[in-house]
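What follows is a set of notes on a single structure, which appears directly below.
Since the model is a prediction, treat every value here as computed from it, not as a measurement. The first residue in the sequence is number 1, and the count goes up from there.
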Amino acid sequence: MITAIVLISAAADRIPETAQEIADIEGVSEVYSCAGDVDLIARVRVASHEDLAALIPAKISKVDGVVHTDTHIAFRSYSSADTDSAFEIGIESA
């Protein structure tokens, strides 16, 4: 599974509608509205690079209100929850 983070600049008057339309696209797992240099951040999970290539330019970029996208492909995921659960493997409650 390939995970990508898509930073999205959107038209200010369409941010809620644009976010929802992106969230409804298959392969998009979450969309966040945020402050800062970008308006929306989408987390995308697909099976292949070909799927990613089809999803971003053919679907996300074509949503009304999307002005620009910047995609970052994740190599590895780190999480304190994952680390905590790894240390619990093999430990049994008394």
Side-chain angles (χ1 to χ4, degrees):
M1 188 66 71
I2 297 168
T3 300
I5 308 302
V6 185
L7 308 177
I8 304 163
S9 296
D13 63 338
R14 285 213 27 93
I15 290 173
E17 296 85 1
T18 301
Q20 189 58 60
E21 286 180 44
I22 293 169
D24 291 340
I25 296 172
E26 185 176 343
V28 175
S29 57
E30 298 160 319
V31 177
Y32 299 95
S33 165
C34 55
D37 295 336
V38 297
D39 302 302
L40 302 169
I41 298 176
R43 186 168 72 134
V44 172
R45 296 184 52 105
V46 293
S48 70
H49 285 96
E50 291 79 15
D51 294 337
L52 190 62
L55 180 70
I56 310 258
K59 294 184 181 174
I60 292 176
S61 291
K62 297 203 188 270
V63 169
D64 189 27
V66 172
V67 175
H68 176 76
T69 63
D70 183 16
T71 303
H72 299 262
I73 297 173
F75 293 127
R76 185 173 293 155
S77 173
Y78 299 91
S79 164
S80 61
D82 293 339
T83 303
D84 292 344
S85 65
F87 282 106
E88 293 173 2
I89 296 173
I91 297 176
E92 302 203 18
S93 301

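With sequence neighbours excluded, the residues satisfying side-chain contact (heavy atoms from CB on, under 4.5 Å) with Thr71 are Ala4, Val6, Ile56.
Following chains of ILVMFWY side-chain contacts shorter than 4.5 Å, one cannot reach Ile2 starting from Ile5, and the two form parts of different hydrophobic clusters. Put simply, Ile73 and Leu55 are part of the same group of oily side chains (I, L, V, M, F, W, Y) that touch within less than 4.5 Å, one to the next.
Paired with Thr69 under the rule side-chain contact (heavy atoms from CB on, under 4.5 Å), one option of Leu7, Ile22, Ile60 passes, and it is Ile60.
Within the structure, the side-chain hydrogen bond (donor to acceptor under 3.5 Å, both in side chains) test picks out the following pairs touching residues 5-17 (sequence neighbours left out): Arg14-Glu21, Arg14-Asp64. Among residue pairs with one or both ends in residues 47-59, those qualifying as side-chain hydrogen bond (donor to acceptor under 3.5 Å, both in side chains) are Ser48-Glu50, Ser48-Asp51; sequence neighbours excluded.
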Using a 3.5 Å cut-off and no angle test, enumerate the donor-acceptor pairs between side-chain atoms of residues 37-47 and protein atoms at least two apart in sequence or in another chain.
from	atom 1	to	atom 2	distance (Å)
Asp39	OD2	Ala10	N	2.7
Arg43	NE	Ser29	OG	3.3
Arg43	NE	Glu30	OE1	2.9
Arg43	NH2	Glu30	OE1	3.4
Arg45	NH1	Thr3	OG1	3.3

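Across Ser33 and Ile15, no two heavy atoms sit closer than the pair OG-CG2, 4.3 Å.
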